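See below for the structure under consideration.
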Amino acid sequence: MTNKAAWDSLSSPPSSMEPMGSCAPLASESDIYRSVQAVLRELESQHPSSVLNKGMLRWTLHKKVRNNPANSLILVKVIVKELERAERVDCRTHIIPLLHTLIYAVIQSAYLPDDLYKRVYDFCKRLLTLPQPYCTVGLSYTRRMKTERYTPGVLYQRMVVAEQSLKNDYHPFQERVFVFADPAVFSGPHGEALRGDIEASGSGGYLNPLDHMRSVVQHSFQAALGGELCHGPKLSKALKEMGQDVEPYFQEVVASLEQSVEEGSKGEGVMLRGRLGQLYREILTHTDTSDTLSSGGGGCLCDMPLPNPEMSFHLWREDEEIWRELAKCVRSSSMSSEHFCLTQDQETDFDLADLTSSSAMPRHSVMSTDSGIERDLPPGVEPSVVEPSGGSEEGEARLTRRGGIKMRPSVTDNMALMQNALEESGSVAGGCGRGGTLHRKAGCSGTPSFSKQQRHFTARIVVMGDDRVLGKLAKAFYFLRKREARRLFLTMKVNFQFYYIPVCEDLSPTCPVKENLSPPRENPCALGSYLGMVDPWYDCNINSLGSMIPKMAKMQSNSSKQAEPSPFLSDVISYYVRTGLQPVYFTIYSVKICFSNLTKDPVEDVFLSHLELDFPEFKQSPTTLKAMTIKQKKSTGDVCGAVVSVNYKKVSLSGRDVDKGVSVRTSSVQISAIPSNETEDLNCLTVAFNETKPKNTMEAKIRTCNIKIRTLEMKTFAVTLDKDSRRTFKDVQSIEIAPCLDPGYCVQKTMRSKFSLGEEERDAGLSKYMNKGLPLPINTFAGIIN
């Protein structure tokens with residue numbers, strides 16, 4: 001192929017520890033400044049042509065500086081000046097994008113002088129005086145920069161150790177990126193092309209654990225000692241010649257940096273530099289070359305690009321696949337340290353076979369009359385005998401029973417669920433989950449009421465697709481929490497972080513005849529559009545992938561020869577999961593569906609963004625409507641629709657909810673949880689009826705969190721959840737919608753009910769501070785910018 005895409009122009013095979021200037025030429029400060037200004041202009045541009053390539057300039061800028069340590073130093077200086085200018089002129093739209101770019105460059109910089117660290121730290125600290133979300137992002141980066149200033153290189157070290165699962169005894173944290181794509185969007189060769197790009201370019205390309213250990217040692221020495229005391233090329237050569245012997249030095253470096261973090265600013269890094277200087281001389285002595293012990297470093301440092309985290313790509317076909325993969329990862333041998341080991345009870349209780357069945361299937365409890373004593377067996381029934389592995393003596397024979405389900409969680413499990421609910425309540429209390437404000441909550445709680453339980457494994461789950469895949473994620477998350485309420489396993493060990501890349505299937509028409517085209521559908525990525533509306537940096541870097549990813553997959557699948565994996569997509573995902581740490585919370589709604597056939601049991605399901613109710617017999621195709629005369633259309637419109645009874649609780653900003661009821665003749669109902677513009681950004685449902693004859697007394701839109709709709713005629717309707725035709729229910733007579741209750745809140749209410757018999761049912765104790773609803777947090781770069 002002669003024509004290269006923009007993301008191929010800077011593609012290069014992964015490399016590490018390249019000497020300064022060997023990969024990229026030294027850029028001038030004016031050149032870096034022009035690149036930064038181009039990124040800011042791209043952020044503010046609303047031209048349709050710029051939407052297709054948004055985010056490309058940010059990626060190009062990081063590519064330009066990552067291959068030369070001097071360029072990275074210049075970038076940090078330029079962005080600090082630009083942030084200080086934005087602060088003076090009160091240009092807040094530039095602050096968060098520039099701040100993320102700055103911190104990402106600081107982590108990867110080979111060496112920064114202390115005065116530059118201080119300027120970055122002071123600016124982050126001044127952000128604490130600004131409103132949300134600036135103070136939240138500023139607080140997070142203030143803490144990081146304080147740690148990095150007194151222990152240079154520790155952020156790079158922790159990131160590589162966690163993302164690459166490097167075993168050590170001092171920083172026992174691990175992270176894994178799981179990318180789940182909707183097969184309805186990524187089908188056939190497109191999905192395989194996407195898998196090749198993500199998995200081949202992730203995990204640092206073709207680097208092995210020893211390469212990552214050498215990178216950590218090299219970067220730590222350069223960040224702490226600088227060019228005057230560390231000679232980058234000599235150190236790189238020595239580390240390569242050491243082979244397996246580099247691991248003890250890696251453990252020493254990790255221990256030294258973590259000990260320095262515990263000491264804080266007491267020693268001001270003097271002891272750290274002394275210890276790393278000693279290890280640096282030992283490593284150079286290990287090579288036995290004549291010039292290794294020459295004084296000074298000569299100011300020459302090596303490029304240390306941050307490798308992409310370990311990623312796995314999955315076409316999400318089964319609802320439970322996401323938790324199966326996560327459970328396998330937790331139980332894998334790579335996580336066999338004492339922080340991830342499972343008790344015998346947990347091994348017995350959590351069986352992967354349990355995840356093979358659908359969570360939507362009802363579980364029936366059966367009262368057992370088996371006492372477990374052999375003499376109580378009915379006559380004629382022989383006890384099952386098994387030979388233990390240790391021997392076959394008759395005395396060791398025993399009865400066996402199948403693994404059952406714990407009917408009651410232990411007190412420890414209950415407290416873990418309640419604590420998890422309380423942790424989330426610091427950010428999401430209010431809205432439809434409990435009485436109070438209707439404004440959507442976003443951002444991490446900067447000052448939790450108590451220390452958050454540390455989980456040593458972080459699962460960064462990235463879903464790719466349209467609104468359908470998010471509905472699938474909400475359903476999987478809800479049923480996981482219900483399962484955890486019965487048998488606690490993942491909640492105690494895993495910290496979940498959810499990310500979303502909106503991508504819709506190609507809807508380009510293949511037939512030139514316009515009459516045969518279906519009418520234009522509503523936005524298939526409504527939630528992604530909302531996130532881009534409230535977070536411009538998300539819109540610039542993530543929403544733009546919706547048009548890039550299908551083109552990349554199509555180009556690679558149509559190529560006659562095997563194309564090299566492009567690092568663009570994995571680089572953007574790495575940037576997103578590392579800097580997108582501010583969640584936006586979306587309420588998960590439960591819907592109870594009752595059918596006209598009374599012999600059919602009601603179904604309970606959940607949805608996140610959209611529910612559509614329509615009467616199939618009143619849906620007219622465009623061809624039929626075109627063939628009808630005006631008189632026929634008028635007579636059809638008089639009876640087009642069925643009468644439904646609607647009972648709902650009208651919500652208001654004042655918190656004075658009012659119960660209302662109305663009867664409406666309608667052909668369809670649209671219930672949306674995602675606002676279409678900023679003025680209607682409320683955390684509630686918006687209900688719109690397709691009325692044939694609108695009443696003056698009927699509101700155009702109903703805002704509620706609880707609603708019941710029932711047909712009053714001998715007509716049934718169909719219900720579609722989250723715009724997914726695979727989740728359509730037919731012959732429905734009534735539906736009832738309400739926010740899902742958090743299992744942690746339910747546990748607390750159950751515990752209180754044992755001691756409050758006959759009392760009025762109301763929130764008391766911890767229940768007053770817990771979030772009733774179960775929200776799904778989707779991480780963005782800023783949360784919600786008002």
Side-chain angles (χ1 to χ4, degrees), residues 158-159 161-180 309-312 314 320-356 359 403 405-406 408-426 444 448 450-463 473 476-499 577 581 583 742-744 747 774-777 779:
R158 287 179 171 179
M159 198 169 287
V161 167
E163 293 176 348
Q164 307 303 331
S165 300
L166 301 181
K167 294 183 179 180
N168 67 95
D169 298 329
Y170 308 99
H171 188 69
F173 294 91
Q174 295 186 20
E175 297 180 5
R176 181 77 178 270
V177 178
F178 300 86
V179 181
F180 287 87
E310 185 177 355
M311 301 182 191
S312 61
H314 311 270
E320 295 291 355
E321 182 180 1
I322 186 171
W323 310 122
R324 269 205 305 269
E325 293 296 329
L326 190 55
K328 288 178 184 177
C329 188
V330 173
R331 302 176 70 169
S332 65
S333 58
S334 63
M335 301 178 58
S336 58
S337 65
E338 61 179 12
H339 301 284
F340 301 101
C341 63
L342 304 179
T343 64
Q344 185 177 1
D345 182 58
Q346 287 175 325
E347 287 281 1
T348 304
D349 286 342
F350 192 86
D351 187 5
L352 289 179
D354 180 55
L355 289 174
T356 58
S359 296
I405 300 175
K406 279 199 269 185
R408 283 184 187 171
S410 64
V411 176
T412 305
D413 291 353
N414 285 338
M415 292 303 298
L417 282 172
M418 290 163 51
Q419 180 176 347
N420 192 67
L422 282 169
E423 290 168 1
E424 295 177 351
S425 296
C444 299
F450 53 88
S451 60
K452 197 167 183 176
Q453 179 184 356
Q454 273 195 329
R455 301 176 181 93
H456 292 89
F457 182 68
T458 298
R460 304 196 182 276
I461 300 172
V462 182
V463 293
L473 177 64
F477 182 57
Y478 173 65
F479 284 110
L480 172 79
R481 295 295 289 263
K482 289 185 67 175
R483 178 184 289 111
E484 290 287 297
R486 294 197 306 267
R487 288 179 294 168
L488 201 64
F489 176 70
L490 294 177
T491 301
M492 296 282 288
K493 299 180 178 298
V494 182
N495 175 30
F496 296 107
Q497 298 289 326
F498 297 106
Y499 304 83
V577 299
L581 302 178
D742 191 297
V747 167
L774 178 63
L776 178 68
N779 280 11

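Predicted model, so just to flag it, every value in this text is computed and none were measured.
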Is there a side-chain contact between Phe496 and Leu480, using heavy atoms and a 4.5 Å cut-off?
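In short, these two side chains touch, coming nearer than 4.5 Å.
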State, with a plain yes or no, whether a side-chain heavy atom of Phe498 is found less than 4.5 Å away from one of Phe477.
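In short, these two side chains touch, coming nearer than 4.5 Å.
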Taking atom [atom1] of [X] and atom [atom2] of [Y], what is their separation to the nearest 0.5 Å?
| X | Y | atom1 | atom2 | result |
| --- | --- | --- | --- | --- |
| Glu310 | Glu163 | CD | CD | 10.0 Å |
| Leu326 | Arg176 | CG | CZ | 9.5 Å |
| Thr458 | His456 | OG1 | NE2 | 10.0 Å |
| Arg324 | His314 | CZ | NE2 | 11.0 Å |
| Ile461 | Ile322 | CD1 | CD1 | 4.0 Å |

Can you list the residues that meet the side-chain hydrogen bond (donor to acceptor under 3.5 Å, both in side chains) rule with Arg460, with sequence neighbours excluded?
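With sequence neighbours excluded, Arg460 shows a side-chain hydrogen bond (donor to acceptor under 3.5 Å, both in side chains) to Glu175, Tyr499, given in chain and number order.
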State which residues pass side-chain hydrogen bond (donor to acceptor under 3.5 Å, both in side chains) with His171; sequence neighbours excluded, sorted by chain then number.
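Not a single residue meets the side-chain hydrogen bond (donor to acceptor under 3.5 Å, both in side chains) criterion with His171.
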For [X] and [Y], work out which heavy atoms get closest and say how close.
| X | Y | result |
| --- | --- | --- |
| Asn168 | Pro172 | OD1-N, 4.4 Å |
| Pro777 | Pro775 | CD-O, 3.5 Å |
| Val462 | Val177 | CG2-CG1, 4.1 Å |

So Phe178 and Phe457, would you call those rings parallel, tilted or perpendicular, with 30° and 60° as cut-offs?
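Rings of Phe178 and Phe457: perpendicular, as their planes differ by over 60°.
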